[in-house]
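Counting begins at 1 with the first residue of the sequence.
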Amino acid sequence: MSDFKPKSDFLHTLIARGYVHQCSDYAGLDEKAASGDLAAYIGFDCTAPSLHVGSLVQIMMLHWLQKTGGKPVPLMGGGTTRVGDPSGRDESRKILTLDDIESNKNGIKTVFSQFLTFGDSKHDALMIDNAEWLTTLNYIEFLRDVGRHFSVNRMLSMDSVKLRLDRDQELSFLEFNYMCLQAYDFVELNKRYGITLQMGGSDQWGNIVTGIDLGRRMGTPQLYALTSPLLTTASGAKMGKTAQGAVWLNADMLPVYDYWQYWRNTEDRDVGRFLKLFTILPLDEIARLEQLGGAEINEAKKILATEATALIHGRAAAEQAELTARKTFEEGVTATSLPTVEIAAGEVAAGLGILSAFVKAGLVASTSEARRQIKAGGLRVNDETASDERANLGADLFVHDGAVKLSLGKKKHILLKQV
């Protein structure tokens with residue numbers, strides 16, 4: 001790729017911003033994109049009620065495809081979720097009920113409207129569910145017409161299969177079929193909607209090129225593959241996970257303030273890279289921010305947090321989160337827009353232990369963890385360090401409009417409010 005000079009805005013943008021890991025045919029894909037006739041999809045299985053930050057690179061790739069004149073297609077895995085993708089897994093995924101899959105799908109759908117424009121024109125985004133064709137397949141016909149094109153020898157060499165077998169971990173026949181269904185998706189999407197590009201994380205490379213091969217054998221036009229690098233932070237942590245759990249994209253799964261704080265806590269070495277990937281700021285502005293050092297890097301982190309949050313939750317919510325952080329950290333004020341957890345006033349009156357309070361607030365997982373944090377000086381009540389694990393939180397502490405401010409370390413705060 002180092003010698004490749006893209007002519008299309010699509011590949012030029014993706015390469016310049018760091019989205020590209022592998023491509024099956026740079027020149028061919030570049031020509032297709034430059035023609036203004038490129039439609040591409042990325043699949044999203046419905047395994048949870050929301051996507052998390054780990055999916056954001058793929059969502060942004062669809063965003064930039066549309067911005068540069070292509071047609072983006074987020075594919076909902078209403079069919080493939082019933083099977084489960086073995087890629088990167090040490091064990092089988094939990095089999096979900098059809099109701100769970102449908103509920104998860106509806107939750108996942110909401111995020112795409114923030115990044116894509118849907119409609120009926122040529123370059124408007126289109127959302128499709130692979131249940132449209134997978135749930136009506138006749139097994140015998142599928143084996144005869146599609147299955148005959150797959151080599152078991154090649155399937156066994158795929159990383160998603162090989163890693164499990166090398167570790168003597170069970171791989172069910174159900175999961176073994178996943179790559180066949182994903183490959184068939186590509187063929188069907190080309191046949192029904194003229195889609196010629198599948199994008200995804202680098203762990204999907206084998207599945208995607210299997211779809212290209214299947215398309216060639218079944219007579220489709222030329223298909224293409226494009227993958228993004230699997231992202232980790234500078235210290236090696238996996239994107240989308242924190243000690244407190246997944247960084248969900250839906251506001252009902254993670255408060256906007258916590259989402260803003262996730263980006264604000266970016267490691268210094270990641271700021272420039274994340275500005276390119278997770279914001280739409282111009283590259284020259286990002287280059288200026290990358291030059292900031294010392295304490296000034298914190299200003300770049302705030303810009304990253306606000307811009308990344310604005311993309312998904314809106315500008316007003318992002319700026320409110322920034323204001324809340326400034327009041328909380330810089331001005332020493334308890335902001336009423338901090339995440340709030342409600343508790344019955346009767347529990348406070350009956351004697352609410354400090355350990356239980358921090359568990360109810362979700363800042364610690366157990367009373368034993370709260371006890372350890374108190375011994376380490378990590379818990380605070382209304383900005384005062386907690387030192388007595390046997391203390392109760394009396395009504396006199398609920399001074400912030402009926403709430404008490406509980407803090408874990410310097411960056412995790414919750415208002416526990418009586419109702």
Side-chain angles (χ1 to χ4, degrees), residues 16-19 51-57 59-60 63-64 111 114-115 228-249 251 253-335 337-339 363 378 380 383 405 407-414:
R17 299 185 80 100
Y19 290 103
L51 298 174
H52 59 66
V53 163
S55 298
L56 201 51
V57 166
I59 296 172
M60 290 300 295
H63 168 83
W64 286 114
V111 73
Q114 305 300 317
F115 295 89
S228 61
L230 287 183
L231 283 189
T232 58
T233 66
S235 60
K238 189 174 182 180
M239 287 292 294
K241 300 285 187 180
T242 69
Q244 286 72 43
V247 183
W248 301 109
L249 300 183
M253 297 280 287
L254 184 75
V256 176
Y257 174 80
D258 287 350
Y259 189 79
W260 188 93
Q261 276 293 331
Y262 172 77
W263 295 108
R264 170 62 181 83
N265 294 337
T266 294
E267 297 178 40
D268 291 1
R269 291 174 291 170
D270 288 327
V271 173
R273 184 165 59 116
F274 286 3
L275 282 165
K276 291 176 185 176
L277 292 172
F278 301 116
T279 80
I280 57 174
L281 289 175
L283 289 175
D284 55 353
E285 173 64 7
I286 293 173
R288 182 188 70 80
L289 293 170
E290 283 184 291
Q291 300 305 311
L292 298 178
E296 287 185 320
I297 194 68
N298 289 322
E299 295 307 311
K301 291 181 183 181
K302 292 174 188 175
I303 291 171
L304 166 63
T306 299
E307 294 300 318
T309 303
L311 272 179
I312 187 167
H313 295 301
R315 178 68 55 183
E319 290 178 351
Q320 180 60 56
E322 182 178 13
L323 177 63
T324 298
R326 188 170 72 247
K327 285 183 175 180
T328 302
F329 299 120
E330 298 174 13
E331 300 173 10
V333 177
T334 297
S337 51
L338 282 174
L363 289 169
R380 285 177 292 135
D383 296 322
K405 180 184 175 185
S407 305
L408 170 63
K410 295 181 178 180
K411 297 178 179 178
K412 294 290 291 184
H413 308 277
I414 293 289

Validation row: Glu322, Thr309 side chains within 4.5 angstrom (heavy atoms): no
Beyond-backbone contact of Met60 with Leu277, side-chain heavy atoms, under 4.5 angstrom: no
Closest contact, heavy atoms only, Leu254 versus Val247: CD2-CG1, 3.8 Å
Main-chain N/O of Gly409 paired to Ser407 side chain as donor or acceptor, under 3.5 Å: no
Euclidean distance, Phe278 CZ relative to Leu231 CG, rounded to 0.5 Å: 5.0 Å
CA sep, side-chain torsions, deciding dist, call: Asp268, Lys301, side-chain contact (heavy atoms from CB on, under 4.5 Å): CA-CA 8 Å; Asp268 291 1; Lys301 291 181 183 181; 2.6 Å; yes
Side-chain donor-acceptor pair present, Thr306, Trp260, cut-off under 3.5 Å: yes
Salt-bridge contact Arg315-Glu307 (side-chain N to carboxylate O under 4.0 Å): yes
Ala318 versus Ala310, closest heavy-atom pair with distance: CB-N, 3.5 Å
Beyond-backbone contact of Leu289 with Leu281, side-chain heavy atoms, under 4.5 angstrom: yes
Atom pair CD/CD of Gln291 and Glu296 - distance to nearest 0.5 Å: 11.0 Å
Atom pair CZ/CG of Phe274 and Leu56 - distance to nearest 0.5 Å: 10.5 Å
Arg288 vs Asp284 side-chain heavy atoms within contact, under 4.5 Å: no
Interatomic spacing from CZ in Arg380 to NZ in Lys405 - rounded to 0.5 Å: 6.5 Å
Any donor-acceptor pair under 3.5 Å from His63 side chain to Phe115 backbone: yes
Under 3.5 Å: donor-acceptor pair, side chain of Tyr259, backbone of Leu249: no
Side-chain heavy atoms of Thr233 within contact of Met239, under 4.5 Å: yes
Spacing of Asn298 atom CG and Leu292 atom CG [to the nearest 0.5 Å]: 10.0 Å
Shortest non-hydrogen contact from Leu283 toward Ala16: CD1-CB, 3.8 Å
Considering all heavy atoms, the nearest Val256-Ala317 contact: CG1-O, 3.8 Å
Close side-chain approach of Glu319 and Leu323, heavy atoms under 4.5 Å: no
Side-chain H-bond candidate by donor/acceptor type, Glu267 with Ser235, under 3.5 Å: yes
Main-chain N/O of Thr266 paired with Asp270 side-chain donor or acceptor, under 3.5 Å: no
Heavy-atom check, side chain of Leu311 versus side chain of Gln114, under 4.5 Å: no
Tyr19 vs Lys276 side-chain heavy atoms within contact, under 4.5 Å: no
Donor-acceptor contact present, side-chain Arg264 to main-chain Lys302, <3.5 Å: no
Flag, side chain of Ser55 to backbone of Leu51, donor-acceptor distance under 3.5 Å: no
Between CH2 on residue Trp248 and CG on residue Asp258, distance to nearest 0.5 Å: 14.5 Å
